[in-house]
Amino acid sequence: MSTTPSDPLATLGSLPGVPDAVDSVRKAVDRVYGHRVMRRRSNEVTAEAALRGSRGSAALAGADWNLEEVRRRTDFSGEDEARTVGAALRLTAEAGQLLSIWRQSPLRVLARLHLVAAGGAAPDDAVGRPRLAGETVGEPLIDGPLPSADEVAGRLEGLSRLIIAGTAAPALVTAAVVHGELLALRPFGSHNGLVARTAERIVLIGSGLDPKSICPAEVGHAEQGRAAYVAAFEGYTAGTPEGLAAWIAHCGRSVELGVRESTAVCEALQRGAA
C-alpha cells in the first residue's frame with residue numbers, strides 16, 4: 001500500500017505502549033490462525049465469530065441479549081432491542097462485501113452501512129447520508145459534544161483521503177482511529193456506534209490482519225464493558241498522546257478477547273461440541 005509523504009496515522013504507531021499492543025495483537029491473531037481446526041473448518045469459525053461479534057456490538061448499543069437468543073431468533077422487527085440486534089447482524093453480514101469499495105470510496109461504504117443498519121426504520125431522506133445542520137442524533141452510550149454538520153463533512157473527507165492514500169500504520173492503529181473518529185463525529189442520525197464498530201471490522205479484515213474475520217473485536221469491546229469503552233473513547237476525544245494510546249490499547253485488547261472467543265470455538269469444534 002502506498003503512503004502519503006505525511007502519514008499522521010503512522011506516527012500514532014510509535015506512541016508509548018502502542019508498539020507493544022500491536023505486537024501482542026499480532027501474536028494472538030497468529031496463534032488462532034495456526035489452530036488445526038482452521039485448516040478444515042475455518043468457514044464455521046468465521047460464521048460463529050460473526051454471530052458473536054454482532055451480539056457484542058448490539059450489547060454496547062443497549063441490546064444485551066444472550067447469545068443463544070440471538071442464534072434462535074428469526075424476527076428482529078418490533079421492539080427497539082430486537083431492531084438493534086437485527087441491525088448488528090445485517091452489518092456484520094455486509095462488512096465482507098465492501099472491502100474493495102472501502103479502499104476506493106470509504107464514504108460510499110459508510111453510507112451503505114448506515115442504509116443497512118437503518119433497514120427502513122428512518123425517514124428515507126435521512127438514511128445513508130451525513131446529518132445536516134439542525135438534525136438530531138439518537139445514539140446510545142456516546143453523549144459527548146456533537147460536532148457541527150460542517151465539521152463532520154470536513155473530518156469525514158479528511159479520513160477518507162487518509163484511507164484512500166494508504167498508510168504505513170499498523171492495522172490496529174488504523175482500525176482504532178476509524179472507529180474512534182466515527183464515534184466522535186456521529187455522522188448519521190442513528191446507529192453510529194454500530195457503523196463505527198463495523199468499519200473497525202472492515203479495516204481489520206481488509207488490512208490482512210484478520211482476513212477470515214475470525215477475531216471479532218466487538219466481543220472484546222462488550223466484554224470489557226460499556227464503562228471501560230466510554231472511558232477509553234474519552235481518551236481518544238481528548239486528543240492527548242496518552243489518551244490516543246489508551247484508546248488504541250483498548251481496541252487491541254478487544255481484538256485479543258475476540259481471538260480468545262474464537263479460540264474457544266475452535267476448541268469446541270475440535271471436541272465435536274459445536
Side-chain angles (χ1 to χ4, degrees), residues 50 53-63 76-77 79-144 146-164 174-206 213 216-218 221 229 233 236:
S54 298
R55 193 218 71 83
S57 191
L60 287 172
F76 294 97
S77 60
E79 70 271 24
D80 287 346
E81 286 194 6
R83 289 198 297 271
T84 296
V85 175
L89 288 166
R90 291 192 301 272
L91 285 169
T92 300
E94 189 77 8
Q97 311 302 314
L98 298 172
L99 295 175
S100 61
I101 303 172
W102 174 260
R103 299 184 187 103
Q104 301 169 13
S105 180
L107 299 185
R108 182 180 164 193
V109 168
L110 293 175
R112 173 63 185 170
L113 292 176
H114 186 245
L115 181 67
V116 168
D124 288 348
D125 65 352
V127 173
R129 62 155 175 79
R131 55 187 168 81
L132 304 176
E135 292 183 337
T136 60
V137 172
E139 188 60 42
L141 193 59
I142 303 300
D143 60 0
L146 194 65
S148 69
D150 286 344
E151 182 178 352
V152 168
R155 286 171 64 177
L156 281 178
E157 183 61 35
L159 183 65
S160 177
R161 286 196 300 268
L162 286 174
I163 293 166
I164 293 170
T174 305
V177 169
V178 167
H179 182 171
E181 191 70 356
L182 292 174
L183 276 185
L185 295 178
R186 281 150 287 164
F188 303 109
S190 62
H191 304 298
N192 289 289
L194 293 174
V195 168
R197 290 184 288 276
T198 305
E200 177 186 49
R201 173 183 284 267
I202 288 172
V203 173
L204 293 172
I205 299 169
S213 193
E218 304 96 322
H221 288 304
Y229 184 74
F233 171 66
Y236 177 84

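Position 1 is the first residue of the sequence, and the numbers go up from there.
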### Message
Quick check: do I163 and V178 have side-chain heavy atoms less than 4.5 Å from each other?
### Response
yes
### Message
Test your reading of the model: is there a side-chain donor-acceptor pair from R131 to the backbone of R186, 3.5 Å cut-off?
### Response
yes
## Note on the structure
For L156 and P187 the tightest heavy-atom approach is CD1-CB, 3.9 Å
### Query
Would a distance-only check, ignoring hydrogens and angles, find a side-chain to backbone donor-acceptor pair under 3.5 Å from S57 to G53?
no
### Task
Using modelled atom types only, decide if a donor and an acceptor are shared between the side chain of T198 and the backbone of L194 within a distance under 3.5 Å.
yes
### Task
Identify the heavy atoms of E200 and A217 that sit nearest to each other, and give their distance.
OE1-CB, 3.7 Å
### Query
Taking the six-membered ring for Trp, is the centroid-to-centroid distance between H221 and F233 below 6.0 Å?
no
### Message
Nearest 0.5 Å, please: how far is CD1 in I101 from CG in L110?
### Response
12.0 Å
### Task
Report yes if some heavy atom in the side chain of S54 is under 4.5 Å from a heavy atom in the side chain of V85; otherwise report no.
no
### Message
Is there a side-chain contact (heavy atoms from CB on, under 4.5 Å) between L107 and E157? Walk through the geometry before answering.
### Response
CA-CA 8 Å; L107 299 185; E157 183 61 35; 3.7 Å; yes
### Query
For P140 and A61, which heavy atoms make the closest approach, and how far apart are they?
CG-O, 3.4 Å
### Task
Compare every heavy atom of A117 with every heavy atom of A87, then report the nearest pair and how far apart it is.
CB-O, 3.4 Å
#### Entry: Student check: side-chain heavy atoms of L91 and L113 closer than 4.5 Å
yes
### Message
Less than 4.5 Å apart, side chain to side chain, heavy atoms only: is that true for L99 and I202?
### Response
yes
### Query
Are L146 and V137 close enough that some pair of their side-chain heavy atoms sits under 4.5 Å apart?
yes
#### Entry: I164 and P106, any side-chain heavy atoms less than 4.5 Å apart
yes
### Message
One pair to check against salt bridge (Lys or Arg N to Asp or Glu O under 4.0 Å): R90 and E94. What are the steps and the verdict?
### Response
CA-CA 6 Å; R90 291 192 301 272; E94 189 77 8; over 6 Å; no
### Message
Could you tell me if the side chain of E139 sits less than 4.5 Å from the side chain of F188, heavy atoms only?
### Response
no
### Query
CZ/R112 to NE2/H114 distance, rounded to the nearest 0.5 angstrom?
12.5 Å
### Spacing of Q104 atom CD and L98 atom CG [to the nearest 0.5 Å]
12.0 Å
#### Entry: Separation of L162 CG from T174 OG1 (nearest 0.5 Å)
9.0 Å
#### Entry: Closest heavy-atom pair and its distance - Q97, A93
CG-O, 3.9 Å
### Message
Within the 4.5 Å heavy-atom criterion, are I205 and W102 side-chain neighbours or not?
### Response
no
### Minimum heavy-atom distance between R103 and G206, given as atom pair plus value
NH2-O, 3.3 Å
### Message
Under the criterion side chain to side chain donor-acceptor pair (under 3.5 Å), I'd like the reasoning laid out for H191 against T84: C-alpha separation, chi angles, the key distance, then a yes or no.
### Response
CA-CA 8 Å; H191 304 298; T84 296; 5.8 Å; no
